[in-house]
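Okay, structure first, notes after.
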Protein chains: 2
Amino acid sequence: MRRKEIIRPDLNPNVSVDCVIFGFDFQQLKVLLIEREGDFPDEKSRLALPGNLIYDDENLNMAVNRVLKELTGLDNIFLKQIGAFGGVDRISKETDKEWLRSIRAHPDARVITVAYYSLVRISDYLPAASSFAVTANWYNVDEIKDLAFDHYTILKTGLNQLRREISFRPIGFNLMPEKFTLGQLQRMYEAILGRSLDKRNFRRKIMKINILSATDEKEYDVPHKPAQYFKFNEANYKSLVETGFDNFSF
Amino acid sequence: MRRKEIIRPDLNPNVSVDCVIFGFDFQQLKVLLIEREGDFPDEKSRLALPGNLIYDDENLNMAVNRVLKELTGLDNIFLKQIGAFGGVDRISKETDKEWLRSIRAHPDARVITVAYYSLVRISDYLPAASSFAVTANWYNVDEIKDLAFDHYTILKTGLNQLRREISFRPIGFNLMPEKFTLGQLQRMYEAILGRSLDKRNFRRKIMKINILSATDEKEYDVPHKPAQYFKFNEANYKSLVETGFDNFSF
DNA sequence: GCAAAAGTGTTAACTGTACACCCATGA
DNA sequence: TCATGGGTGTACAGTTAACACTTTTGC
(Lines give C-alpha, C1' and ligand atoms only; values in the text may rest on other atoms or scores of the structure.)
Protein backbone atom coordinates (compact mmCIF):
# COMPACT_ATOMS: atom_id res chain seq x y z
CA MET A 1 0.00 0.00 0.00
CA ARG A 2 1.51 3.26 -1.08
CA ARG A 3 0.75 6.43 0.73
CA LYS A 4 -2.23 8.49 -0.39
CA GLU A 5 -1.95 12.05 -1.53
CA ILE A 6 -2.55 14.53 1.23
CA ILE A 7 -6.28 14.32 1.53
CA ARG A 8 -8.08 17.51 2.32
CA PRO A 9 -11.86 17.68 2.29
CA ASP A 10 -11.70 20.59 -0.12
CA LEU A 11 -9.71 18.69 -2.76
CA ASN A 12 -12.06 18.66 -5.70
CA PRO A 13 -12.23 15.15 -7.15
CA ASN A 14 -13.30 16.30 -10.61
CA VAL A 15 -10.82 18.93 -11.75
CA SER A 16 -7.08 18.65 -12.00
CA VAL A 17 -4.26 20.59 -13.58
CA ASP A 18 -1.34 19.03 -15.42
CA CYS A 19 1.86 20.70 -16.55
CA VAL A 20 4.08 20.15 -19.52
CA ILE A 21 7.28 21.70 -18.21
CA PHE A 22 9.75 22.34 -21.01
CA GLY A 23 13.42 22.96 -20.56
CA PHE A 24 16.43 23.29 -22.83
CA ASP A 25 19.94 22.06 -22.11
CA PHE A 26 21.57 23.79 -25.14
CA GLN A 27 21.17 20.58 -27.09
CA GLN A 28 17.67 19.22 -26.91
CA LEU A 29 14.20 20.14 -25.80
CA LYS A 30 13.43 18.51 -22.48
CA VAL A 31 10.29 17.81 -20.51
CA LEU A 32 10.05 17.27 -16.77
CA LEU A 33 8.20 14.05 -15.94
CA ILE A 34 7.44 12.28 -12.72
CA GLU A 35 7.99 8.62 -12.14
CA ARG A 36 5.13 6.80 -10.50
CA GLU A 37 5.65 4.01 -8.02
CA GLY A 38 4.14 0.61 -8.66
CA ASP A 39 4.06 -2.01 -11.39
CA PHE A 40 3.71 -0.90 -14.98
CA PRO A 41 4.01 -2.86 -18.21
CA ASP A 42 6.92 -0.75 -19.37
CA GLU A 43 9.02 2.16 -18.29
CA LYS A 44 7.24 4.69 -20.49
CA SER A 45 3.81 4.19 -19.04
CA ARG A 46 5.30 4.69 -15.60
CA LEU A 47 6.04 8.29 -16.51
CA ALA A 48 3.46 11.03 -16.14
CA LEU A 49 3.09 14.78 -16.34
CA PRO A 50 3.21 16.47 -12.97
CA GLY A 51 -0.22 17.56 -11.88
CA ASN A 52 -2.77 17.41 -9.14
CA LEU A 53 -6.37 17.90 -8.21
CA ILE A 54 -7.33 21.45 -7.38
CA TYR A 55 -8.74 22.83 -4.15
CA ASP A 56 -12.18 24.30 -3.89
CA ASP A 57 -10.86 27.70 -2.93
CA GLU A 58 -8.42 27.92 -5.82
CA ASN A 59 -8.90 29.15 -9.33
CA LEU A 60 -7.06 27.46 -12.15
CA ASN A 61 -4.11 29.84 -12.11
CA MET A 62 -3.56 29.39 -8.41
CA ALA A 63 -3.70 25.63 -8.78
CA VAL A 64 -1.20 25.37 -11.60
CA ASN A 65 1.18 27.77 -9.90
CA ARG A 66 0.92 25.74 -6.73
CA VAL A 67 1.74 22.52 -8.58
CA LEU A 68 4.74 24.15 -10.25
CA LYS A 69 5.96 25.62 -7.01
CA GLU A 70 5.67 22.30 -5.19
CA LEU A 71 7.52 20.46 -7.91
CA THR A 72 10.21 22.87 -8.99
CA GLY A 73 10.48 25.36 -6.17
CA LEU A 74 9.94 28.10 -8.72
CA ASP A 75 7.51 31.01 -8.79
CA ASN A 76 6.52 33.17 -11.70
CA ILE A 77 7.24 30.68 -14.40
CA PHE A 78 6.07 31.34 -17.92
CA LEU A 79 2.78 29.51 -18.29
CA LYS A 80 0.27 29.09 -21.04
CA GLN A 81 -2.88 27.05 -21.03
CA ILE A 82 -3.04 24.22 -23.54
CA GLY A 83 -6.68 23.41 -22.96
CA ALA A 84 -9.02 21.09 -21.11
CA PHE A 85 -8.92 17.38 -21.66
CA GLY A 86 -11.20 14.57 -21.20
CA GLY A 87 -13.90 13.07 -19.26
CA VAL A 88 -14.88 9.50 -18.58
CA ASP A 89 -12.68 8.00 -21.26
CA ARG A 90 -9.40 9.51 -20.13
CA ILE A 91 -8.49 6.63 -17.89
CA SER A 92 -8.50 3.68 -20.21
CA LYS A 93 -5.37 1.87 -19.09
CA GLU A 94 -5.86 -0.70 -16.38
CA THR A 95 -2.56 0.10 -14.70
CA ASP A 96 -3.62 3.73 -14.45
CA LYS A 97 -6.83 2.72 -12.69
CA GLU A 98 -4.89 0.65 -10.19
CA TRP A 99 -2.53 3.47 -9.53
CA LEU A 100 -5.35 5.90 -8.85
CA ARG A 101 -6.88 3.47 -6.37
CA SER A 102 -3.61 3.54 -4.50
CA ILE A 103 -3.37 7.31 -4.10
CA ARG A 104 -6.78 8.93 -4.48
CA ALA A 105 -9.61 9.43 -2.04
CA HIS A 106 -12.07 9.11 -4.96
CA PRO A 107 -10.21 6.92 -7.44
CA ASP A 108 -13.17 6.40 -9.76
CA ALA A 109 -14.26 10.01 -10.11
CA ARG A 110 -14.28 11.40 -13.62
CA VAL A 111 -11.51 13.98 -13.83
CA ILE A 112 -11.35 16.82 -16.29
CA THR A 113 -7.81 18.11 -16.48
CA VAL A 114 -6.71 21.53 -17.53
CA ALA A 115 -3.25 21.37 -19.04
CA TYR A 116 -0.59 24.07 -19.23
CA TYR A 117 2.82 24.26 -20.70
CA SER A 118 5.56 26.16 -18.99
CA LEU A 119 9.06 27.16 -19.95
CA VAL A 120 11.81 27.07 -17.35
CA ARG A 121 15.54 27.51 -17.27
CA ILE A 122 16.89 24.13 -16.40
CA SER A 123 19.61 25.78 -14.34
CA ASP A 124 17.00 27.42 -12.10
CA TYR A 125 15.29 24.14 -11.37
CA LEU A 126 16.33 22.54 -8.13
CA PRO A 127 15.17 18.95 -7.81
CA ALA A 128 15.78 19.12 -4.08
CA ALA A 129 13.13 21.82 -3.74
CA SER A 130 10.41 19.41 -4.68
CA SER A 131 7.82 18.67 -2.02
CA PHE A 132 6.22 16.08 -4.30
CA ALA A 133 6.53 12.56 -3.00
CA VAL A 134 7.85 11.49 -6.38
CA THR A 135 11.03 11.59 -8.35
CA ALA A 136 11.10 13.96 -11.25
CA ASN A 137 13.57 14.01 -14.15
CA TRP A 138 14.20 15.73 -17.43
CA TYR A 139 13.61 13.64 -20.55
CA ASN A 140 14.28 14.38 -24.19
CA VAL A 141 10.94 15.29 -25.71
CA ASP A 142 11.62 13.48 -28.94
CA GLU A 143 12.26 10.20 -27.13
CA ILE A 144 8.90 10.14 -25.40
CA LYS A 145 6.47 7.81 -27.16
CA ASP A 146 3.88 7.15 -24.50
CA LEU A 147 2.85 8.35 -21.06
CA ALA A 148 0.25 7.65 -18.39
CA PHE A 149 -3.42 8.43 -19.03
CA ASP A 150 -3.81 10.84 -21.96
CA HIS A 151 -0.60 12.64 -21.02
CA TYR A 152 1.11 11.82 -24.28
CA THR A 153 -1.70 13.53 -26.18
CA ILE A 154 -1.35 16.51 -23.89
CA LEU A 155 2.40 16.64 -24.45
CA LYS A 156 2.02 16.58 -28.23
CA THR A 157 -0.69 19.21 -28.16
CA GLY A 158 1.42 21.43 -25.94
CA LEU A 159 4.44 21.01 -28.16
CA ASN A 160 2.41 21.94 -31.22
CA GLN A 161 1.13 25.05 -29.48
CA LEU A 162 4.62 26.01 -28.40
CA ARG A 163 5.83 25.60 -31.97
CA ARG A 164 3.09 27.81 -33.25
CA GLU A 165 3.45 30.38 -30.50
CA ILE A 166 7.17 30.74 -30.91
CA SER A 167 6.58 31.94 -34.43
CA PHE A 168 4.58 34.86 -33.06
CA ARG A 169 6.25 35.78 -29.82
CA PRO A 170 9.80 35.27 -28.62
CA ILE A 171 8.68 33.31 -25.57
CA GLY A 172 11.59 30.92 -25.95
CA PHE A 173 13.72 33.31 -23.94
CA ASN A 174 12.17 31.83 -20.84
CA LEU A 175 14.26 28.74 -21.57
CA MET A 176 17.54 30.62 -21.85
CA PRO A 177 19.99 31.90 -19.24
CA GLU A 178 20.62 35.59 -18.87
CA LYS A 179 23.51 35.58 -21.31
CA PHE A 180 23.67 33.39 -24.35
CA THR A 181 25.26 33.21 -27.73
CA LEU A 182 23.40 33.38 -31.01
CA GLY A 183 24.41 29.80 -31.68
CA GLN A 184 22.74 28.65 -28.47
CA LEU A 185 19.67 30.65 -29.32
CA GLN A 186 19.49 29.11 -32.76
CA ARG A 187 19.82 25.63 -31.29
CA MET A 188 16.88 26.39 -29.03
CA TYR A 189 14.70 27.34 -31.98
CA GLU A 190 15.84 24.26 -33.82
CA ALA A 191 15.10 22.03 -30.83
CA ILE A 192 11.59 23.40 -30.50
CA LEU A 193 10.77 23.42 -34.19
CA GLY A 194 12.43 20.10 -34.83
CA ARG A 195 14.29 21.21 -37.91
CA SER A 196 17.52 22.97 -38.70
CA LEU A 197 17.70 26.60 -39.64
CA ASP A 198 20.02 28.60 -41.84
CA LYS A 199 22.55 30.41 -39.69
CA ARG A 200 22.75 33.63 -41.66
CA ASN A 201 19.01 33.92 -42.12
CA PHE A 202 18.43 33.17 -38.46
CA ARG A 203 20.78 35.89 -37.32
CA ARG A 204 19.39 38.48 -39.66
CA LYS A 205 15.88 37.77 -38.53
CA ILE A 206 16.51 37.65 -34.81
CA MET A 207 18.52 40.86 -34.89
CA LYS A 208 15.85 42.60 -36.89
CA ILE A 209 13.18 42.21 -34.24
CA ASN A 210 15.42 44.12 -31.91
CA ILE A 211 15.12 42.29 -28.63
CA LEU A 212 18.78 41.45 -28.15
CA SER A 213 21.58 43.62 -26.82
CA ALA A 214 25.16 42.62 -27.31
CA THR A 215 27.24 42.43 -24.13
CA ASP A 216 30.99 42.96 -24.16
CA GLU A 217 31.59 39.42 -23.00
CA LYS A 218 32.72 36.50 -25.08
CA GLU A 219 32.99 32.81 -24.64
CA TYR A 220 36.37 31.59 -23.44
CA ASP A 221 38.08 28.27 -23.31
CA VAL A 222 36.23 27.03 -26.37
CA PRO A 223 38.09 25.29 -29.19
CA HIS A 224 36.86 27.66 -31.85
CA LYS A 225 36.33 31.33 -32.35
CA PRO A 226 34.65 32.55 -29.14
CA ALA A 227 31.09 33.73 -29.58
CA GLN A 228 29.75 37.00 -28.28
CA TYR A 229 27.22 36.89 -25.46
CA PHE A 230 23.91 38.62 -25.90
CA LYS A 231 21.31 39.68 -23.41
CA PHE A 232 17.67 39.80 -23.85
CA ASN A 233 16.32 43.37 -24.07
CA GLU A 234 13.29 43.31 -21.86
CA ALA A 235 11.86 46.70 -22.74
CA ASN A 236 11.71 45.97 -26.44
CA TYR A 237 10.44 42.50 -25.74
CA LYS A 238 7.53 43.75 -23.68
CA SER A 239 6.24 46.15 -26.24
CA LEU A 240 6.56 43.39 -28.79
CA VAL A 241 4.71 40.84 -26.70
CA GLU A 242 1.87 43.26 -26.22
CA THR A 243 1.38 44.12 -29.81
CA GLY A 244 2.40 40.68 -31.03
CA PHE A 245 4.21 40.80 -34.30
CA ASP A 246 3.07 39.86 -37.68
CA ASN A 247 6.08 38.39 -39.27
CA PHE A 248 8.22 36.16 -37.24
CA SER A 249 8.83 32.68 -38.39
CA PHE A 250 11.85 30.65 -39.32
CA MET B 1 -39.35 31.77 -7.90
CA ARG B 2 -38.13 30.65 -11.29
CA ARG B 3 -37.90 27.04 -12.09
CA LYS B 4 -34.66 25.20 -11.43
CA GLU B 5 -32.69 23.48 -14.11
CA ILE B 6 -33.52 19.83 -14.44
CA ILE B 7 -31.72 18.47 -11.44
CA ARG B 8 -30.16 15.07 -11.82
CA PRO B 9 -27.96 13.60 -9.12
CA ASP B 10 -25.23 13.06 -11.68
CA LEU B 11 -25.05 16.73 -12.71
CA ASN B 12 -21.53 17.68 -11.72
CA PRO B 13 -21.62 20.99 -9.86
CA ASN B 14 -18.02 21.90 -10.70
CA VAL B 15 -17.61 21.62 -14.45
CA SER B 16 -19.64 23.32 -17.15
CA VAL B 17 -19.32 23.88 -20.87
CA ASP B 18 -20.15 27.17 -22.59
CA CYS B 19 -20.51 27.82 -26.30
CA VAL B 20 -19.72 30.81 -28.41
CA ILE B 21 -21.94 30.07 -31.41
CA PHE B 22 -21.00 32.20 -34.38
CA GLY B 23 -23.18 32.81 -37.40
CA PHE B 24 -23.03 35.05 -40.45
CA ASP B 25 -25.98 36.76 -42.12
CA PHE B 26 -24.02 37.98 -45.18
CA GLN B 27 -23.50 41.29 -43.45
CA GLN B 28 -22.16 40.86 -39.96
CA LEU B 29 -20.69 38.27 -37.63
CA LYS B 30 -23.35 37.13 -35.19
CA VAL B 31 -23.30 35.30 -31.88
CA LEU B 32 -26.14 33.31 -30.37
CA LEU B 33 -26.88 34.41 -26.81
CA ILE B 34 -29.51 33.44 -24.29
CA GLU B 35 -31.54 35.89 -22.32
CA ARG B 36 -31.82 35.16 -18.63
CA GLU B 37 -34.97 35.83 -16.67
CA GLY B 38 -34.85 38.06 -13.63
CA ASP B 39 -33.74 41.56 -12.71
CA PHE B 40 -30.48 42.83 -14.11
CA PRO B 41 -28.93 46.29 -14.01
CA ASP B 42 -28.92 46.53 -17.78
CA GLU B 43 -29.87 44.56 -20.83
CA LYS B 44 -26.30 43.47 -21.63
CA SER B 45 -25.65 41.72 -18.36
CA ARG B 46 -28.87 39.81 -18.85
CA LEU B 47 -27.31 38.08 -21.84
CA ALA B 48 -25.15 34.99 -21.50
CA LEU B 49 -23.46 32.33 -23.56
CA PRO B 50 -25.43 29.11 -23.77
CA GLY B 51 -23.94 26.45 -21.58
CA ASN B 52 -24.61 23.99 -18.83
CA LEU B 53 -23.11 21.79 -16.19
CA ILE B 54 -21.94 18.41 -17.42
CA TYR B 55 -23.06 14.98 -16.33
CA ASP B 56 -20.79 12.55 -14.59
CA ASP B 57 -21.05 10.01 -17.39
CA GLU B 58 -20.18 12.51 -20.13
CA ASN B 59 -16.85 13.57 -21.48
CA LEU B 60 -16.37 17.16 -22.57
CA ASN B 61 -17.22 16.52 -26.22
CA MET B 62 -20.44 14.78 -25.36
CA ALA B 63 -21.43 17.62 -23.06
CA VAL B 64 -20.82 20.40 -25.53
CA ASN B 65 -22.57 18.53 -28.31
CA ARG B 66 -25.51 17.96 -26.03
CA VAL B 67 -25.74 21.64 -25.17
CA LEU B 68 -25.58 22.57 -28.86
CA LYS B 69 -28.18 20.01 -29.80
CA GLU B 70 -30.55 21.16 -27.07
CA LEU B 71 -30.20 24.77 -28.06
CA THR B 72 -30.06 24.69 -31.83
CA GLY B 73 -31.44 21.29 -32.78
CA LEU B 74 -28.24 20.73 -34.74
CA ASP B 75 -25.79 17.84 -34.73
CA ASN B 76 -22.30 17.71 -36.10
CA ILE B 77 -21.57 21.38 -35.82
CA PHE B 78 -18.03 22.63 -36.29
CA LEU B 79 -16.57 22.95 -32.83
CA LYS B 80 -13.26 24.04 -31.42
CA GLN B 81 -12.22 24.35 -27.82
CA ILE B 82 -11.28 27.82 -26.65
CA GLY B 83 -9.97 26.72 -23.30
CA ALA B 84 -10.86 26.41 -19.62
CA PHE B 85 -11.84 29.41 -17.59
CA GLY B 86 -11.86 30.32 -14.06
CA GLY B 87 -12.36 29.24 -10.59
CA VAL B 88 -13.61 31.00 -7.52
CA ASP B 89 -13.36 34.47 -8.97
CA ARG B 90 -15.51 33.91 -12.03
CA ILE B 91 -18.73 34.90 -10.36
CA SER B 92 -18.04 38.39 -9.18
CA LYS B 93 -21.28 40.10 -10.13
CA GLU B 94 -23.97 40.11 -7.44
CA THR B 95 -26.77 39.70 -9.95
CA ASP B 96 -25.07 36.58 -11.30
CA LYS B 97 -24.95 35.09 -7.81
CA GLU B 98 -28.64 35.74 -7.32
CA TRP B 99 -29.44 34.17 -10.62
CA LEU B 100 -27.50 31.03 -9.81
CA ARG B 101 -29.35 30.70 -6.51
CA SER B 102 -32.57 30.68 -8.48
CA ILE B 103 -31.63 27.86 -10.85
CA ARG B 104 -28.87 25.71 -9.40
CA ALA B 105 -28.93 22.87 -6.92
CA HIS B 106 -25.47 24.00 -5.69
CA PRO B 107 -25.46 27.73 -6.42
CA ASP B 108 -22.25 28.46 -4.53
CA ALA B 109 -20.09 25.72 -6.01
CA ARG B 110 -16.96 26.84 -7.80
CA VAL B 111 -17.44 26.15 -11.48
CA ILE B 112 -14.68 25.68 -14.01
CA THR B 113 -16.06 26.16 -17.47
CA VAL B 114 -14.66 24.76 -20.68
CA ALA B 115 -15.53 27.03 -23.56
CA TYR B 116 -15.92 26.17 -27.24
CA TYR B 117 -16.66 28.17 -30.30
CA SER B 118 -18.79 26.77 -33.05
CA LEU B 119 -19.68 27.90 -36.53
CA VAL B 120 -23.19 27.37 -37.83
CA ARG B 121 -25.18 28.36 -40.86
CA ILE B 122 -27.80 30.71 -39.57
CA SER B 123 -30.28 29.28 -42.05
CA ASP B 124 -29.91 25.82 -40.49
CA TYR B 125 -30.66 27.08 -37.03
CA LEU B 126 -34.26 26.61 -35.97
CA PRO B 127 -35.11 28.56 -32.82
CA ALA B 128 -38.19 26.37 -32.39
CA ALA B 129 -36.00 23.31 -31.95
CA SER B 130 -34.65 24.60 -28.70
CA SER B 131 -35.45 22.60 -25.62
CA PHE B 132 -33.77 25.24 -23.47
CA ALA B 133 -36.14 27.03 -21.18
CA VAL B 134 -34.76 30.31 -22.42
CA THR B 135 -35.03 32.58 -25.39
CA ALA B 136 -32.04 32.69 -27.66
CA ASN B 137 -31.24 35.30 -30.31
CA TRP B 138 -28.53 36.30 -32.71
CA TYR B 139 -26.62 39.47 -31.84
CA ASN B 140 -24.01 41.39 -33.76
CA VAL B 141 -20.68 40.47 -32.23
CA ASP B 142 -19.30 43.97 -32.49
CA GLU B 143 -22.17 45.42 -30.50
CA ILE B 144 -21.61 43.20 -27.47
CA LYS B 145 -19.77 45.06 -24.74
CA ASP B 146 -20.55 42.97 -21.69
CA LEU B 147 -22.09 39.67 -20.73
CA ALA B 148 -22.87 37.59 -17.65
CA PHE B 149 -20.07 36.10 -15.53
CA ASP B 150 -16.82 36.04 -17.51
CA HIS B 151 -18.65 35.35 -20.75
CA TYR B 152 -17.48 38.53 -22.40
CA THR B 153 -13.88 37.46 -21.85
CA ILE B 154 -14.71 34.08 -23.32
CA LEU B 155 -16.36 35.68 -26.34
CA LYS B 156 -13.34 37.89 -27.04
CA THR B 157 -10.94 35.00 -26.61
CA GLY B 158 -12.98 32.85 -28.94
CA LEU B 159 -13.15 35.58 -31.54
CA ASN B 160 -9.40 36.05 -31.40
CA GLN B 161 -8.88 32.34 -31.87
CA LEU B 162 -11.30 32.27 -34.78
CA ARG B 163 -9.44 35.16 -36.38
CA ARG B 164 -6.17 33.39 -36.05
CA GLU B 165 -7.50 30.03 -37.14
CA ILE B 166 -9.14 31.36 -40.24
CA SER B 167 -5.74 32.44 -41.48
CA PHE B 168 -4.62 28.83 -41.41
CA ARG B 169 -7.65 26.79 -42.36
CA PRO B 170 -10.71 27.74 -44.35
CA ILE B 171 -13.07 26.85 -41.53
CA GLY B 172 -15.27 29.82 -42.33
CA PHE B 173 -17.12 27.66 -44.83
CA ASN B 174 -19.09 26.28 -41.94
CA LEU B 175 -20.81 29.65 -41.81
CA MET B 176 -21.78 29.69 -45.48
CA PRO B 177 -24.64 28.09 -47.41
CA GLU B 178 -23.94 25.48 -50.05
CA LYS B 179 -23.73 28.02 -52.85
CA PHE B 180 -22.34 31.46 -52.43
CA THR B 181 -20.76 34.26 -54.41
CA LEU B 182 -17.21 35.44 -53.99
CA GLY B 183 -18.57 38.74 -52.74
CA GLN B 184 -20.44 36.99 -49.94
CA LEU B 185 -17.36 34.99 -49.08
CA GLN B 186 -15.24 38.10 -48.93
CA ARG B 187 -17.78 39.78 -46.66
CA MET B 188 -17.55 36.79 -44.33
CA TYR B 189 -13.79 37.15 -44.06
CA GLU B 190 -14.16 40.87 -43.52
CA ALA B 191 -16.78 40.33 -40.82
CA ILE B 192 -14.56 37.89 -38.95
CA LEU B 193 -11.35 39.84 -39.33
CA GLY B 194 -12.98 43.20 -38.70
CA ARG B 195 -11.30 44.94 -41.61
CA SER B 196 -11.90 45.35 -45.28
CA LEU B 197 -9.99 43.42 -47.90
CA ASP B 198 -8.93 44.20 -51.41
CA LYS B 199 -11.30 42.52 -53.84
CA ARG B 200 -8.77 41.51 -56.46
CA ASN B 201 -6.23 40.23 -54.00
CA PHE B 202 -8.92 38.32 -52.12
CA ARG B 203 -10.12 36.56 -55.25
CA ARG B 204 -6.67 35.64 -56.42
CA LYS B 205 -5.79 34.19 -53.06
CA ILE B 206 -8.96 32.24 -52.47
CA MET B 207 -8.91 30.76 -55.97
CA LYS B 208 -5.31 29.78 -55.57
CA ILE B 209 -5.90 27.48 -52.63
CA ASN B 210 -8.22 25.52 -54.84
CA ILE B 211 -11.15 24.70 -52.64
CA LEU B 212 -13.87 26.32 -54.73
CA SER B 213 -15.65 24.99 -57.79
CA ALA B 214 -17.65 27.31 -60.00
CA THR B 215 -21.26 26.28 -60.57
CA ASP B 216 -23.14 27.26 -63.70
CA GLU B 217 -25.63 29.27 -61.68
CA LYS B 218 -25.75 33.01 -61.30
CA GLU B 219 -27.55 35.45 -59.13
CA TYR B 220 -30.78 36.79 -60.61
CA ASP B 221 -33.03 39.69 -59.85
CA VAL B 222 -30.16 41.73 -58.50
CA PRO B 223 -29.71 45.37 -59.54
CA HIS B 224 -26.17 44.88 -60.73
CA LYS B 225 -24.15 42.42 -62.72
CA PRO B 226 -25.15 39.01 -61.38
CA ALA B 227 -22.44 37.11 -59.60
CA GLN B 228 -21.51 33.53 -60.25
CA TYR B 229 -22.24 30.98 -57.54
CA PHE B 230 -19.44 28.81 -56.23
CA LYS B 231 -19.46 25.62 -54.28
CA PHE B 232 -17.06 24.47 -51.76
CA ASN B 233 -14.88 21.60 -53.00
CA GLU B 234 -14.84 19.20 -50.09
CA ALA B 235 -12.17 16.82 -51.35
CA ASN B 236 -9.60 19.52 -51.79
CA TYR B 237 -10.63 21.10 -48.53
CA LYS B 238 -10.09 17.92 -46.58
CA SER B 239 -6.58 17.32 -47.79
CA LEU B 240 -5.88 20.93 -47.01
CA VAL B 241 -7.29 20.79 -43.51
CA GLU B 242 -5.17 17.78 -42.77
CA THR B 243 -1.92 19.21 -43.90
CA GLY B 244 -2.82 22.71 -42.85
CA PHE B 245 -1.37 25.29 -45.13
CA ASP B 246 1.46 27.64 -44.63
CA ASN B 247 0.43 30.69 -46.42
CA PHE B 248 -3.08 31.81 -46.07
CA SER B 249 -3.82 35.22 -44.71
CA PHE B 250 -5.52 38.29 -45.99
C1' DG C 1 -28.84 56.55 -68.07
C1' DC C 2 -27.82 55.71 -63.48
C1' DA C 3 -26.65 53.15 -59.42
C1' DA C 4 -24.58 49.07 -57.76
C1' DA C 5 -21.72 45.24 -57.33
C1' DA C 6 -19.10 41.86 -60.50
C1' DG C 7 -15.15 40.88 -62.67
C1' DT C 8 -10.34 41.46 -64.19
C1' DG C 9 -3.85 42.53 -64.43
C1' DT C 10 0.11 44.90 -63.54
C1' DT C 11 3.69 46.82 -60.87
C1' DA C 12 6.74 47.88 -56.98
C1' DA C 13 8.24 46.67 -52.45
C1' DC C 14 9.25 43.29 -49.45
C1' DT C 15 10.26 38.71 -47.59
C1' DG C 16 12.05 34.16 -47.74
C1' DT C 17 15.66 31.18 -49.05
C1' DA C 18 19.72 29.33 -50.76
C1' DC C 19 24.44 29.53 -50.63
C1' DA C 20 30.51 29.80 -49.28
C1' DC C 21 34.25 31.60 -47.21
C1' DC C 22 37.35 33.51 -43.66
C1' DC C 23 38.18 33.94 -38.49
C1' DA C 24 39.65 32.89 -33.77
C1' DT C 25 40.57 29.52 -30.67
C1' DG C 26 42.24 25.01 -28.13
C1' DA C 27 44.45 20.90 -28.65
C1' DT D 1 48.08 22.61 -38.49
C1' DC D 2 43.79 20.85 -37.79
C1' DA D 3 39.11 20.69 -36.16
C1' DT D 4 35.37 23.41 -34.58
C1' DG D 5 31.82 26.61 -34.55
C1' DG D 6 31.60 32.04 -35.14
C1' DG D 7 30.67 35.52 -38.10
C1' DT D 8 29.36 37.79 -42.50
C1' DG D 9 26.46 39.48 -47.82
C1' DT D 10 24.24 38.74 -52.06
C1' DA D 11 21.02 37.37 -55.54
C1' DC D 12 16.82 35.09 -57.07
C1' DA D 13 12.11 33.77 -56.37
C1' DG D 14 7.86 34.28 -54.45
C1' DT D 15 4.45 36.98 -51.98
C1' DT D 16 2.09 41.03 -50.58
C1' DA D 17 -0.20 45.29 -51.46
C1' DA D 18 -1.73 49.04 -53.97
C1' DC D 19 -4.44 50.54 -57.61
C1' DA D 20 -8.92 51.70 -61.96
C1' DC D 21 -11.79 50.58 -65.36
C1' DT D 22 -15.37 47.85 -67.91
C1' DT D 23 -19.53 44.81 -67.49
C1' DT D 24 -24.21 43.50 -66.46
C1' DT D 25 -28.23 44.08 -64.37
C1' DG D 26 -32.81 46.49 -62.24
C1' DC D 27 -35.04 50.55 -61.93
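Order of the sequence lines fixes the chain letters, A, B, ..., with proteins taken first and strands second; residue numbering starts at 1 for each chain. Side-chain atoms are counted along with the backbone in the values below, which use heavy atoms only and exclude waters and symmetry mates.
Put simply, CZ on B:Arg200 is 17 Å from C1' on D:dT15, counting in whole angstrom units. In this structure, B:Ile206 atom CD1 and C:dG7 atom C1' are separated by 16 Å, rounded to whole Å. Counting to the nearest Å, the C1' atom of D:dG9 and the CG atom of A:Asp198 are 12 Å from each other. Atom CG in A:Leu182 sits about 12 Å away from atom C1' in D:dT8, given to the nearest Å. Atom-to-atom, CD of B:Gln186 to P of C:dG7 comes out at 11 Å; the value is rounded to the nearest Å. Straight-line distance from the CD atom of B:Gln184 to the C1' atom of C:dG7: 15 Å, rounded to whole Å. Distance, A:Phe26 CZ to D:dT4 P: 21 Å, rounded to whole Å. A straight line from CG of A:Asn201 to P of D:dA11 spans 15 Å, rounded to a whole angstrom.
Applying the salt bridge (Lys or Arg N to Asp or Glu O under 4.0 Å) test to every pair with at least one member in residues 176-193 of chain B, sequence neighbours left out, gives these pairs: B:Lys179-B:Glu217. Applying the salt bridge (Lys or Arg N to Asp or Glu O under 4.0 Å) test to every pair with at least one member in residues 139-158 of chain A, sequence neighbours left out, gives these pairs: A:Arg90-A:Asp150, A:Lys93-A:Asp146. Applying the side-chain hydrogen bond (donor to acceptor under 3.5 Å, both in side chains) rule to pairs touching residues 219-229 of chain B yields nothing, sequence neighbours excluded.
The side-chain tip of A:Arg164 points at the ring of B:Phe168 from less than 6.0 angstrom away and within 45° of straight on.
Partners of B:Phe173 by ring pair (Phe, Tyr, Trp, His ring centres under 6.0 Å), not counting sequence neighbours, listed by chain and number: B:Phe180, B:Phe232. The side chain to side chain contact (heavy atoms under 4.5 Å, CB included) check on A:Arg163 picks up A:Leu159, A:Asn160, A:Ile192, A:Leu193, with sequence neighbours excluded.
Between the side chain of A:Lys199 and the base of D:dG5 there is no donor-acceptor pair of N/O atoms closer than 3.5 Å.
DNA chain D is contacted by A:Pro223, A:His224, A:Lys225, A:Pro226, A:Ala227, A:Gln228 of residues 221-230 of chain A, taking any non-hydrogen atom closer than 4.0 Å.
A:Phe78 and A:Tyr117 have tilted rings, their planes meeting at an angle from 30° to 60° on a 0 to 90° scale.
Listed pair B:Arg204 / C:dG9 fails the phosphate criterion, with no side-chain N or O lying under 4.0 Å from OP1 or OP2.
A:Lys208 comes within 4.0 angstrom of the backbone, heavy atoms only, and of no base.
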